Number of protein chains: 2
Amino acid sequence: MRSDNKANFSNKDITPFCPAAVAGPDASAFSPEDALKLDVQLCFPLYAASREVIKNYRPLLEELDLTYTQYIAMMVMWEQKAISVKDMGQKLFLDSGTLTPVLKALEKKGYVSRRRSPDDERVLIVEITEDGEALKNQAVTVPQKIADCISLEPQEAMELYRILYKILGKEI
Amino acid sequence: MRSDNKANFSNKDITPFCPAAVAGPDASAFSPEDALKLDVQLCFPLYAASREVIKNYRPLLEELDLTYTQYIAMMVMWEQKAISVKDMGQKLFLDSGTLTPVLKALEKKGYVSRRRSPDDERVLIVEITEDGEALKNQAVTVPQKIADCISLEPQEAMELYRILYKILGKEI
DNA sequence: TATAATTAAATTGTACTCAATCGAATTTAG
DNA sequence: CTAAATTCGATTGAGTACAATTTAATTATA
């Protein structure tokens with residue numbers, strides 16, 4: 001009744017995070033093992049869609065000599081001009097173990113500079129360079145190109161956006 | 001008017017993938033550079049939420065001596081008993097460069113065995129072992145525990161699930 | 001004010017993730 | 001039939017992710 005490799009459920013018998021949790025009074029259709037089926041997971045398509053979408057950036061960002069992680073770090077820089085590693089980490093949900101090599105790579109390309117804060121030597125201030133500012137002009141077309149290869153209705157995009165930020169603990 | 005580090009938009013002036021694309025007739029509020037703001041992206045919260053959610057699995061899966069990638073590979077095995085690397089790759093959206101070491105690690109732990117297909121020596125068949133089957137009993141509690149630490153309304157979870165599979169090219 | 005606690009980055013080690021490439025096996029075309 | 005094209009998995013190299021640890025700097029406390 002279902003084509004292979006294609007998810008299908010009626011909303012009365014699932015909850016992606018855990019069927020049993022939201023199945024409600026009529027949870028009889030679920031055996032405990034059903035909770036471990038790939039089709040029933042919500043985390044898995046979240047993880048897979050994230051990777052699939054980011055894959056679309058690669059050819060576009062290659063022209064700017066940026067990886068996706070470097071690109072979102074530059075997004076922060078284009079807005080902030082100067083920011084500490086810690087503050088950038090909070091914005092991007094990344095820790096210093098990830099950001100340190102990313103920022104060193106961006107420094108090597110000449111898009112940012114790194115220096116310690118005079119006020120607090122523990123703090124490393126990342127600052128955008130002129131080349132980094134100039135890169136923005138080449139980057140402005142990227143969002144539209146990404147939009148073109150992912151087909152969601154505007155209200156779906158809005159709803160996805162809202163739910164993702166709810167998961168991230170920032171309800172809007 | 002807005003608290004720092006918190007996204008907020010009215011649906012008349014955004015589209016997360018690209019503001020200009022969905023802003024509609026009244027797109028005047030957007031300058032081109034607005035498209036590069038982190039708050040306006042849809043890919044970014046997708047990427048961040050994916051990592052944040054998967055982080056929750058780590059302590060749970062540690063007890064099973066599995067990583068998240070190994071866990072989703074085992075999910076496939078619990079349903080299929082035997083499958084080729086290629087077919088598993090299609091289910092998980094992962095290629096051989098990722099799966100080969102993951103499956104070797106699972107073989108080392110004794111949860112799967114690997115052998116070439118007699119019909120086609122190019123094909124590697126992954127088969128679940130008794131230990132792998134037994135592991136399922138320890139894993140059944142994982143989905144509920146994950147559900148407990150992510151608070152979405154059932155209909156939000158359903159909608160997220162649907163949209164993610166739409167992005168993955170499997171509309172439901 | 002010594003010292004303890006805390007904080008911020010960097011480092012280390014493990015584990016992906018993926019593009020590109022390779023080599024062996026199989027299929028297809030001529 | 002046989003050479004070319006395709007397919008499958010493994011390998012390689014670059015770049016993350018992230019927990020845990022380390023080091024240096026700052027702040028709090030007895």
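Throughout, protein chains are lettered first and strands after them, A, B, ... in sequence-line order, and every chain is numbered starting at 1. As the structure is a computational prediction, the values presented were derived from the model and not from experiment.
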Quiz prompt | Carboxylate-amine/guanidinium proximity below 4.0 Å for B:D34 and B:K37 | solution = yes
Quiz item: Taking only residues two or more places apart in sequence, or in another chain, which ones meet B:Y111 in a ring pair (Phe, Tyr, Trp, His ring centres under 6.0 Å)?
Solution: none
Quiz prompt | Integer-rounded Å distance: D:dG9 C1' and B:Q90 CD | solution = 14 Å
Exercise. Please report, rounded to the nearest Å, how far the P atom of D:dA19 is from the OH atom of B:Y57.
Key: 16 Å
Exercise. Mind calculating the distance between CG (B:D120) and P (C:dT28) to the nearest angstrom?
Key: 12 Å
Self-check item: Residues forming a salt bridge (charged side-chain N to carboxylate O under 4.0 Å, His left out) with B:D95, sequence neighbours excluded
Solution: none
Exercise. Only counting residues at least two apart or in another chain, list the ones meeting ring pair (Phe, Tyr, Trp, His ring centres under 6.0 Å) with A:Y68.
Key: A:Y57, B:Y47
Self-check item: Separation of atom CG in B:D119 from atom C1' in D:dT7, rounded to whole Å
Solution: 15 Å
Quiz prompt | Set of residues satisfying salt bridge (charged side-chain N to carboxylate O under 4.0 Å, His left out) with respect to A:E121, sequence neighbours excluded | solution = none
Quiz item: Using a cut-off of 4.0 Å between protein heavy atoms and nucleotide atoms, how would you tag nucleotides 9-19 of chain C 5' to 3' with B, S and -?
Solution: SBB---SSBBB
Practice problem: Please report, rounded to the nearest Å, how far the P atom of D:dT16 is from the CG atom of A:L92. | Solution: 12 Å
Practice problem: Taking salt bridge (charged side-chain N to carboxylate O under 4.0 Å, His left out) as the test, write out the residues that go with B:K104, two or more places apart. | Solution: none
